[in-house]
*Asks:* 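Before anything else, here's the structure in question.
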Amino acid sequence: MAATHSAAMRNITGIPDAHVTASSHPLPLTTEEEASLRVWMNTLAAFFLLLPFSYLAATYAAFVVKERATQAMLLQLASGCDYRVYWLGAAIWEWLNHALVCFATWIFFFIFDLTSVVGTADKAFCTLVLLLAYGAAAVPLSFIYSLGFTDHAQTIVALSVVNFVTGFVLVNLDYVMRTSEHAGTAKTGEGLAHVWRIFPPFLLGEGLIMISTSEFAIDVSERDEDESWLDTFSSTGDKPSPFEWELAGRPVFLLLIQSVGYFGLLCFLHGSSAWARQKGIGPGAALTRRAASIRGRRRGGGAHTEEEDEDVRAEADAVDAAEPGTYDVAIDGLVKAYRTRANGSSSSSNVGGSDPSLLSDEPTRGSEGDRSTTASGDWSLACGVRSGVRTRVAVDRLSLGIRRGERFGLLGVNGAGKSTTLKVLCGDHPPTAGSVTVCGLSVTGDLSKVQRLIGYCPQFDPLLELMTGRETARMYAMLKGVPARDADAAADAVLRSVGLRKFADRPCGTILFLFPYGQLVILTSCFVLIGTFSGGNKRKLSLAVALVGGPRVLLLDEPSSGMCPLGRRMMWDTVERAASGLTLLLTTHAMDECEVRLFQFSCGQLD
């Protein structure tokens with residue numbers, strides 16, 4: 001418009017640089033509009049605050065997934081740590097980290113003058129309580145989510161998406177529906193909000209919005225074309241407490257209730273048979289009856305299978321006839337089975353052969369006695385066309401007994417079922433059928449007492465990378481019941497026995513150091529990996545963990561893997577000294593390591 005008038009003026013006056021200047025001076029915002037604008041901006045800040053907190057909650061599960069994948073969690077539980085104590089300790093540590101982030105965020109609210117959430121003492125305190133309560137509920141829920149994952153990186157990505165949907169998306173959806181001009185939509189939004197409140201991210205967003213808008217009413221009536229969007233919020237003139245139930249009181253209360261409820265659910269899932277079955281098929285009626293009938297035929301002098309070796313048969317008969325207390329380790333008719341997909345893939349390790357008569361009372365349709373083999377040669381049995389899965393048996397009717405102070409070796413190839421047998425003995429995997437006792441105590445009925453009696457060295461090093469060798473040995477000594485005043489001496493003794501005394505105060509994993517280079521530290525940094533423990537030294541430390549605390553039964557799962565010949569010899573010298581008088585069960589691939597009573601293990605059975 002100004003350009004048009006400037007052209008007309010130049011044409012009339014003949015002055016080449018004549019022009020018209022136009023400016024606009026709108027009326028200033030009223031006090032009500034300024035307050036409404038401030039509420040709008042702070043409400044948007046509350047919305048977007050859910051994004052970093054969605055990612056933050058996802059990181060809580062990363063370390064527990066990594067500990068489970070590396071079997072560090074297994075070794076702690078097998079050393080006598082109660083699983084409820086394990087989860088409580090992990091939850092407290094993650095919540096403390098969360099609290100540091102919350103206090104930093106709270107301080108930034110003051111720095112950037114977010115008066116809608118920290119404008120008064122009540123609002124500031126309520127905001128801090130809400131953030132801390134969110135962490136108390138989000139931590140155990142993240143642990144529950146983590147039970148379905150085996151890779152910590154995938155866990156963070158997946159849980160970030162879940163928290164984004166249950167937080168940012170649902171909060172926006174709820175806000176749009178409840179501020180709708182249509183009464184039906186608003187009523188539906190209020191009903192759905194009761195469902196969304198089972199998710200901590202939603203409660204966090206709802207609480208922040210309620211605190212921001214506590215002094216304003218939302219106008220949901222139909223607006224004229226001339227009305228501004230700033231008229232959405234109108235001041236009520238009241239200053240209610242943000243802890244009122246209809247404001248942030250309900251989200252805070254529900255978050256605190258969820259913190260207890262989700263932790264209880266986590267412990268229930270870990271200790272229940274439903275969670276145990278994720279590590280294979282738990283005790284089943286058909287399998288138990290089959291295994292019991294086989295043991296009954298043995299006790300009654302029934303015929304053995306033709307392919308059964310004479311020594312294996314004698315071992316099974318001796319275990320059947322033994323009195324309680326004869327053996328430190330007694331395994332009678334042990335069966336461990338897994339569910340796998342029809343294409344042969346499985347989340348478990350490769351397993352051995354199976355007997356169709358052992359897996360069901362009657363043959364399933366489509367698999368009547370049929371056996372199929374995977375590419376690795378493992379036998380499996382199709383469960384029928386109904387589910388498209390197969391039942392694969394890792395340990396098939398294993399019976400053996402190990403007396404006090406005896407050395408017993410299981411020799412076999414990968415996938416024979418050796419490691420699975422040891423995992424059943426230490427309580428990590430529940431037996432599908434049969435009985436397993438350690439020093440007269442049942443692994444299924446008295447697991448906590450059994451774990452106090454065993455020392456377990458897994459096949460892979462279950463070490464916490466940031467802990468030193470001394471700290472690792474001391475922690476496991478205390479888990480196994482060594483008094484705190486004697487834990488240091490016990491740790492030093494076992495580290496000296498395995499030859500790690502000079503490495504005792506170094507971290508046992510790999511540490512990442514960051515050296516800045518140039519002005520842009522993030523973009524031009526140089527990363528250097530410094531390994532403190534070699535593979536052989538990690539195996540020595542794993543052996544030290546198994547020996548610390550004076551266990552009565554020692555379970556060694558390929559303890560010399562990854563060691564040089566000299567390291568292997570030193571390791572066996574250590575075992576000879578430290579395991580004197582202990583009952584030893586060893587798995588290995590090397591015949592020269594089995595200068596003990598030896599059975600070959602193949603396809604889940606003794607040969």
*Asks:* Can you confirm whether or not the ring centre of F125 sits under 6.0 Å from the ring centre of F243?
*Replies:* yes
*Asks:* Decide side-chain contact (heavy atoms from CB on, under 4.5 Å) for I211 and L247; before the verdict, give the C-alpha distance in whole Å, the side-chain angles of both, and the deciding distance to 0.1 Å.
*Replies:* CA-CA 7 Å; I211 295 174; L247 297 178; over 6 Å; no
*Asks:* Report yes if some heavy atom in the side chain of R68 is under 4.5 Å from a heavy atom in the side chain of L147; otherwise report no.
*Replies:* yes
*Asks:* Using modelled atom types only, decide if a donor and an acceptor are shared between the side chain of Q76 and the backbone of L479 within a distance under 3.5 Å.
*Replies:* no
*Asks:* I'd like to know if the side chain of W196 and the backbone of V171 have a donor-acceptor N/O pair within less than 3.5 Å.
*Replies:* no
*Asks:* Do Y83 and M73 have side chains that get closer than 4.5 Å, going by heavy atoms?
*Replies:* no
*Asks:* Determine whether the side chains of D557 and S419 contain a donor N or O and an acceptor N or O closer than 3.5 Å.
*Replies:* yes
*Asks:* I want to check something: taking the side chain as every heavy atom from C-beta on, are W95 and S259 in contact at a cut-off of under 4.5 Å?
*Replies:* no
*Asks:* Under 3.5 Å, side chain of Y134 to main-chain N/O of F53, donor-acceptor pair present?
*Replies:* yes
*Asks:* Pair V162, F199 - check side-chain contact (heavy atoms from CB on, under 4.5 Å), show working.
*Replies:* CA-CA 10 Å; V162 171; F199 300 110; over 6 Å; no
*Asks:* Restricting to non-hydrogen atoms, name the atom on T59 and the atom on L56 that form the minimum distance, rounded to 0.1 Å.
*Replies:* OG1-O, 2.6 Å
*Asks:* I'd like to know if the side chain of S146 and the backbone of A61 have a donor-acceptor N/O pair within less than 3.5 Å.
*Replies:* no
*Asks:* Any luck finding a side-chain donor-acceptor pair between Y60 and H98 under 3.5 Å?
*Replies:* yes
*Asks:* I need the minimum non-hydrogen distance between M177 and L192, along with the two atoms involved.
*Replies:* CE-CD1, 4.1 Å
*Asks:* So, do I92 and L96 sit near enough that their side-chain heavy atoms are less than 4.5 Å apart?
*Replies:* yes
*Asks:* In terms of ring plane angle, is the pair H270 and W87 parallel, tilted or perpendicular, where the classes change at 30° and 60°?
*Replies:* perpendicular
*Asks:* Decide yes or no for L88 and F263: does some side-chain heavy atom of the first lie under 4.5 Å from some side-chain heavy atom of the second?
*Replies:* yes
*Asks:* Grab the two heavy atoms, one from G189 and one from D174, that are nearest each other, plus how far apart they are.
*Replies:* O-OD1, 3.5 Å
*Asks:* Do the non-hydrogen side-chain atoms of I156 and Y55 ever get within less than 4.5 Å of each other?
*Replies:* yes
*Asks:* Decide if atom CZ of F108 counts as having more than 12 heavy atoms of other residues, nucleotides or ligands within a radius under 6.0 Å.
*Replies:* no
*Asks:* Would you mind reporting whether F109 and L49 have side-chain heavy atoms less than 4.5 Å apart?
*Replies:* yes
*Asks:* Ignoring hydrogens and angles, state whether a donor on the side chain of E67 or Y86 is under 3.5 Å from an acceptor on the partner side chain.
*Replies:* yes
*Asks:* Stepwise, does the side-chain contact (heavy atoms from CB on, under 4.5 Å) test hold for F503 with L541?
*Replies:* CA-CA 10 Å; F503 302 106; L541 184 56; over 6 Å; no
*Asks:* Is the F48 to F168 ring centre distance short of 6.0 Å?
*Replies:* yes
*Asks:* Going by heavy atoms in the side chains, are L203 and R197 under 4.5 Å from each other?
*Replies:* yes
